[in-house]
Amino acid sequence: VEIGELIQTLRILFRFHQDLQNKSEVAKFIQRPKIPPFLSESLVVDLANRGMLRFLECSNFDLSTTNGDIVAFSPNGRVKIEVKATAQSAFQLFSNKDIDADFLVWVHFNRYFEDDRHHEIEIFTLREPKRIFNQSRKITLPVFKKEGGESIVSIHVNLDQYMRNLHE
């Protein structure tokens with residue numbers, strides 16, 4: 001329920017920001033709202049526990065307070081998952097913690113919050129990101145996809161349908 005409420009609240013906030021920029025020339029100096037890590041991390045945990053992220057090959061996903069954003073279990077033991085989220089800008093900073101994770105998950109909301117016609121988000125997953133990225137750096141989603149190549153698994157999630165399922 002919190003995920004659904006947060007998504008609706010972010011849609012209001014993003015639309016307000018966009019309306020403000022349309023009405024005021026100086027509003028262009030105000031940064032776009034950021035997507036709270038709680039949303040992207042909780043969304044990944046819930047989708048994974050519902051079996052929608054099978055390529056993570058883990059079970060018992062939960063938010064972590066000590067070791068990565070999400071902790072899960074595989075036959076080999078504890079798995080550390082780092083989560084990144086972007087809206088339209090599709091720009092992130094990979095820290096050493098992100099690179100050292102067992103999995104890096106990038107949740108791309110694109111224009112979902114600004115445009116009611118957008119119903120889907122895309123989720124990209126990279127196993128052992130240190131195989132491809134060897135140091136902390138700023139990166140865009142197109143560069144991530146290019147450098148990760150076939151190592152990246154992606155799915156589309158209809159977030160509107162997901163939210164309807166939350167209430168059933």
Side-chain angles (χ1 to χ4, degrees), residues 1-11 14 33-113 118-133 136 139-168:
V1 174
E2 286 179 333
I3 294 172
E5 287 180 22
L6 188 51
I7 288 170
Q8 293 302 337
T9 302
L10 281 169
R11 274 200 146 160
F14 271 78
K34 298 206 182 316
I35 298 168
F38 174 79
L39 172 61
S40 52
E41 293 165 11
S42 297
L43 184 61
V44 169
V45 166
D46 191 55
L47 290 170
N49 283 329
R50 290 174 185 258
M52 295 178 68
L53 305 179
R54 287 190 185 101
F55 44 82
L56 290 174
E57 301 168 7
C58 302
S59 61
N60 300 324
F61 295 83
D62 203 356
L63 296 174
S64 175
T65 56
T66 58
N67 190 21
D69 296 329
I70 296 172
V71 65
F73 294 93
S74 75
N76 298 329
R78 200 175 176 116
V79 176
K80 184 173 96 168
I81 302 168
E82 289 293 325
V83 179
K84 295 296 193 184
T86 52
Q88 187 178 353
S89 68
F91 177 82
Q92 269 296 345
L93 170 65
F94 285 177
S95 68
N96 289 330
K97 185 175 87 158
D98 299 321
I99 294 167
D100 289 338
D102 297 306
F103 287 95
L104 179 61
V105 178
W106 188 321
V107 182
H108 184 54
F109 290 92
N110 200 356
R111 294 190 46 81
Y112 178 83
F113 294 113
H118 287 257
H119 307 287
E120 288 190 340
I121 63 170
E122 197 164 7
I123 299 176
F124 302 89
T125 302
L126 176 62
R127 178 191 294 267
E128 298 174 9
K130 65 182 155 215
R131 290 180 299 125
I132 295 166
F133 304 102
S136 175
I139 189 166
T140 63
L141 183 56
V143 170
F144 172 72
K145 289 175 10 181
K146 181 180 179 196
E147 292 184 13
E150 292 183 13
S151 298
I152 295 175
V153 177
S154 69
I155 65 163
H156 290 266
V157 175
N158 183 318
L159 208 49
D160 293 343
Q161 182 63 46
Y162 166 80
M163 290 196 331
R164 280 192 293 276
N165 292 341
L166 287 177
H167 300 294
E168 293 177 357

Original post:
Should V107 and L39 be marked as a side chain to side chain contact (heavy atoms under 4.5 Å, CB included) after you check the CA-CA gap, both sets of side-chain angles, and the distance that decides it?
Top reply: CA-CA 10 Å; V107 182; L39 172 61; over 6 Å; no
**OP:** Go through the steps to decide whether R164 and Q161 satisfy the test side-chain hydrogen bond (donor to acceptor under 3.5 Å, both in side chains), and finish with yes or no.
**Re:** CA-CA 5 Å; R164 280 192 293 276; Q161 182 63 46; 3.0 Å; yes
**OP:** Could you check E147 against V143 for side chain to side chain contact (heavy atoms under 4.5 Å, CB included), going step by step and ending with a plain yes or no?
**Re:** CA-CA 6 Å; E147 292 184 13; V143 170; 3.4 Å; yes
Subject >> Pair L6-F38, side chain to side chain contact (heavy atoms under 4.5 Å, CB included): steps then yes or no >> reply: CA-CA 9 Å; L6 188 51; F38 174 79; 3.9 Å; yes
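Nearest heavy atoms, G68 versus E82: CA-OE2, 2.9 Å. Minimum interatomic distance between I7 and M163 (heavy atoms only, all atoms of both residues): CG2-SD, 3.4 Å. Annotation for F103 and F55: closest pair CE2-O, 4.1 Å, computed over non-hydrogen atoms. Minimum heavy-atom separation, F109 to A85: CE1-CB, 4.1 Å. W106 and T140 make their closest contact through CH2-C, 3.8 Å (heavy atoms, listed as atom of the first residue, atom of the second, distance). Across all non-hydrogen atoms, the minimal contact from I70 to V44 is CD1-CG1, 3.5 Å.
In this structure, I132 and S151 have side chains that are in contact, with non-hydrogen atoms separated by less than 4.5 Å. With a 4.5 Å cut-off on side-chain heavy atoms, H118 and F113 do not count as touching. With a 4.5 Å cut-off on side-chain heavy atoms, Y112 and F14 do not count as touching. Side chains of L104 and F144 form a contact here, defined as non-hydrogen atoms less than 4.5 Å apart. Within the 4.5 Å cutoff, the side chain of L93 has heavy atoms near those of the S136 side chain. In this structure, the side chains of V71 and V79 stay at 4.5 Å or more apart for every pair of heavy atoms.
The backbone N or O of K84 sits nowhere less than 3.5 Å from a side-chain atom of S40 that would complete a donor-acceptor pair. Using a distance-only test at 3.5 Å, with no hydrogens or angles considered, a donor-acceptor pair links the side chain of S95 to the main chain of D98. Under the 3.5 Å distance criterion, the side-chain polar atoms of D102 are matched with a main-chain donor or acceptor of K80.
Residues satisfying the ring-ring contact (aromatic ring centres under 6.0 Å, His included) criterion with F61, sequence neighbours excluded, are absent altogether.
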Please list every donor-acceptor pair under 3.5 Å in which a side-chain atom of residues 121-129 meets a protein atom from a residue at least two apart or in another chain.
residue: E122; atom: OE2; partner: H156; partner atom: NE2; Å: 3.4
residue: R127; atom: NH2; partner: E57; partner atom: OE1; Å: 2.4
residue: R127; atom: NH2; partner: E57; partner atom: OE2; Å: 3.2

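The distance from atom OG of S42 to atom CG of L63, rounded to the nearest 0.5 Å, is 4.5 Å. With rounding to the nearest 0.5 angstrom, the NZ atom of K145 is 8.5 Å from the CD1 atom of I152. Distance CG/N60 to OG/S74: 11.0 Å, rounded to 0.5 Å. Interatomic distance, I155 CD1 to R54 CZ, rounded to the nearest 0.5 Å: 10.0 Å. Atom-to-atom distance recorded for N110:CG and L141:CG is 9.0 Å, nearest 0.5 angstrom. Note that CZ of R11 is 12.0 Å distant from OG1 of T9, once rounded to the nearest 0.5 Å.
In summary, R50 and D46 engage in a salt bridge, as defined by a charged side-chain N under 4.0 Å from a carboxylate O.
Checked by atom type, the side-chain pair H119/D160 shows a donor-acceptor distance below 3.5 Å.
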